[in-house]
Amino acid sequence: MSTPRLQKEWEEIDQEYQELQETHKVYKQKLEELTNLQATCSNAISKQRKCLKDLRHSLAKCAKTCEDKELKLITDIQMQIKDKENVFFDMEAYLPKKNGLYLNLVLGNVNVTLLSNQAKFAYKDEYEKFKLYMTIILMFGAITCLFFFNYRVTDEIFNFLLVWYYCTLTIRESILMSNGSRIKGWWVSHHYVSTFLSGVMLTWPEGPMYQMFRSQFLAFSIYQSFVQFLQYYYQSGCLYRLRALGERNQLDLTVEGFQSWMWRGLTFLLPFLFFGHFWQLYNSVTLFRLAGHEDCKEWQIFMLALTFLVLFLGNFLTTLKVVHQKFQKNQEKVQKKD
């Protein structure tokens with residue numbers, strides 16, 4: 001290759017390098033502007049929240065002594081305040097924020113806010129796929145331990161996989177909540193309790209008490225994975241339809257329970273869910289009986305019995321609440337027609 005040709009190639013590369021430097025300079029300026037805008041928006045939201053909080057407090061005092069006409073105005077303002085707070089929640093999904101206690105302990109003070117809708121949806125889809133793949137793996141793992149390998153080592157691997165799975169779910173859900181996902185209440189706490197339960201199962205030493213409960217726990221794990229697979233398959237389809245109709249948020253997730261939006265075509269899941277809830281109660285009763293056995297020396301048995309009882313109460317009461325609210329709404333509709 002001739003020297004002039006090499007020189008020409010070098011000059012082209014150098015020119016592209018100069019352009020790259022200019023582009024990067026503009027990028028840093030825009031990034032600085034973006035950071036300043038984020039800080040301005042965050043401060044403005046905090047100020048608005050404080051003002052609205054004071055106003056709400058004043059309106060509540062005023063509502064006790066005002067006339068009917070004024071009360072209607074106050075109620076209207078209170079509704080508008082609530083709407084504004086929902087808008088603030090959506091705004092903050094695109095702004096950097098301090099992590100909650102759990103994310104701070106796990107990740108440190110790292111900004112986990114995803115700035116683009118595309119990045120948020122991609123992370124949500126990855127979360128859903130992770131749940132699906134792990135549910136299938138856990139189902140086959142439980143089947144393998146129950147029917148093929150009655151060894152403590154394989155049980156330990158399965159229990160460790162459960163701990164890792166639920167820990168990972170809690171971290172990913174916390175990140176999704178920081179980015180605008182509205183998953184809340186018991187269905188968040190449920191995974192923390194499940195992480196604790198799996199950890200206690202992992203530490204339960206080999207012995208006659210463990211063998212008495214082993215088959216029941218593995219059979220429960222198979223059924224639970226089967227129900228979770230059903231829920232993912234049908235909930236994801238239902239969510240897709242509702243998002244297309246504009247009735248659900250784009251970051252709404254599938255959950256291991258029953259929520260109000262599932263009445264549209266997913267009521268057939270309720271018997272499966274209630275059966276699973278009562279199996280958790282059966283596990284708790286079995287473990288309480290084992291805890292009272294004369295040969296019982298392990299603290300894990302009583303702790304697992306309490307944890308299964310907490311899971312049963314949380315799952316059963318939350319699902320029952322959704323069913324009760326639905327019947328109440330149906331009764332109100334009937335009364336209005338009459």
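Owing to the predicted nature of the structure, the values given are computational and were not obtained by experimental measurement.
- Distance check: Asn315 CG to His190 NE2 gives 4.5 Å after rounding to the nearest 0.5 Å.
- Residues Asn43 and Lys47 are not in side-chain contact: their nearest non-hydrogen atoms beyond the backbone lie 4.5 Å or more apart.
- Put simply, Tyr210 and Leu202 are part of two different groups of oily side chains (I, L, V, M, F, W, Y) that touch within less than 4.5 Å, one to the next.
- Residues Trp164 and Phe130 bring their aromatic ring centres within 6.0 Å.
- Side-chain N or O atoms of Gln300 include one that pairs as donor or acceptor with a backbone N or O of Thr203 at under 3.5 Å.
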Check against side chain to side chain contact (heavy atoms under 4.5 Å, CB included), Gln21 and Tyr17:
CA-CA 6 Å; Gln21 280 194 315; Tyr17 172 74; 3.0 Å; yes
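- In terms of heavy atoms, Gly199 sits closest to Val163 at N-CG2, 3.5 Å.
- Note that the CZ atom of Phe88 and the OG atom of Ser42 stand 12.0 Å from one another [nearest 0.5 Å].
- For the atom pair Leu273 CG and Thr318 OG1, the distance stands at 11.5 Å (nearest 0.5 Å).
- Counted within 6.0 Å of CZ on Arg49, heavy atoms from surrounding residues, nucleotides or ligands total more than 12; the atom is thus considered enclosed.
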I'd like to know whether Met212 forms a side chain to side chain contact (heavy atoms under 4.5 Å, CB included) with Met209, so could you lay out the CA-CA distance, the side-chain angles of the two residues, the decisive distance to 0.1 Å, and finally the verdict.
CA-CA 5 Å; Met212 286 182 189; Met209 297 293 105; 3.7 Å; yes
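- With a 4.5 Å cut-off on side-chain heavy atoms, Pro208 and His293 do not count as touching.
- From Gln18, atom CD reaches atom CG of Leu20 across 9.5 Å, with rounding to the nearest 0.5 Å.
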Kindly indicate, with the supporting measurements, whether the criterion side chain to side chain contact (heavy atoms under 4.5 Å, CB included) is fulfilled by Gln224 and Phe220.
CA-CA 6 Å; Gln224 182 174 249; Phe220 168 74; 3.6 Å; yes
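- Counting only heavy atoms from C-beta outward, the side chains of Ser215 and Leu146 approach each other to under 4.5 Å.
- Thr135 contributes atom OG1, which lies 4.0 Å from atom OH of Tyr165 (distance to the nearest 0.5 angstrom).
- Across all their heavy atoms, Phe213 and Thr286 have their closest contact at CD1-CG2, 4.1 Å.
- For Tyr282 and Phe312, the gap between ring centers reaches or exceeds 6.0 Å.
- The side chain to side chain contact (heavy atoms under 4.5 Å, CB included) test with Leu311 singles out one residue from Leu281, Asn283, Val193, and that residue is Val193.
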Audit row: Tyr102, Tyr192, ring-ring contact (aromatic ring centres under 6.0 Å, His included) steps and yes/no
CA-CA 11 Å; Tyr102 181 64; Tyr192 291 95; 5.1 Å; yes
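- Closest approach of Ile301 to Leu287, counting heavy atoms only: CG2-O, 3.2 Å.
- If you check the side chains of Glu173 and Tyr127, you find a donor sitting under 3.5 Å from an acceptor.
- Grouping the Ile, Leu, Val, Met, Phe, Trp and Tyr side chains by contacts below 4.5 angstrom, directly or via other members, places Ile222 with Leu230.
- Taking every heavy atom of both residues into account, Cys167 and Thr195 meet most closely at SG-CG2, 3.4 Å.
- Leu138 is listed as a side-chain neighbour of Leu161, based on a closest heavy-atom distance under 4.5 Å.
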Gln228/Leu132 under side chain to side chain contact (heavy atoms under 4.5 Å, CB included): CA gap, chis, key distance, verdict:
CA-CA 8 Å; Gln228 287 173 3; Leu132 175 64; over 6 Å; no
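- Formation of a donor-acceptor pair under 3.5 Å by the Asp14 side chain with backbone atoms of Trp10 is not found in this model.
- Atom-to-atom distance recorded for Ile81:CD1 and Asp76:CG is 10.0 Å, nearest 0.5 angstrom.
- Neither Val153 nor Phe140 shares a network with the other; the hydrophobic side chains, linked directly or stepwise wherever heavy atoms of I, L, V, M, F, W or Y lie under 4.5 Å apart, form separate groups for each.
- More than 12 heavy atoms of other residues, nucleotides or ligands shown are found within 6.0 angstrom of OH on Tyr223.
- Within the 4.5 Å cutoff, the side chain of Asn150 has heavy atoms near those of the Arg214 side chain.
- Between Met91 and Ile45, the shortest heavy-atom distance links the atoms CB-CD1, 3.9 Å.
- When the side chains of ILVMFWY residues are joined at heavy-atom separations under 4.5 Å, either directly or via intervening members, Phe288 and Phe316 end up in a single hydrophobic cluster.
- Cluster annotation: Phe160 is not connected to Ile157 through the hydrophobic network of ILVMFWY side chains, with a link wherever side-chain heavy atoms come within less than 4.5 Å.
- The side-chain heavy atoms of Ser221 and Phe158, taken from C-beta on, include a pair separated by under 4.5 Å.
- With ring centers used as reference points, Phe196 lies 6.0 Å or more from Tyr166.
- The shortest heavy-atom contact between Phe217 and Leu197 is CE1-CD2, 4.3 Å.
- Tyr123 contributes no side-chain N or O that, together with a main-chain N or O of Ile175, makes up a donor-acceptor pair within less than 3.5 Å.
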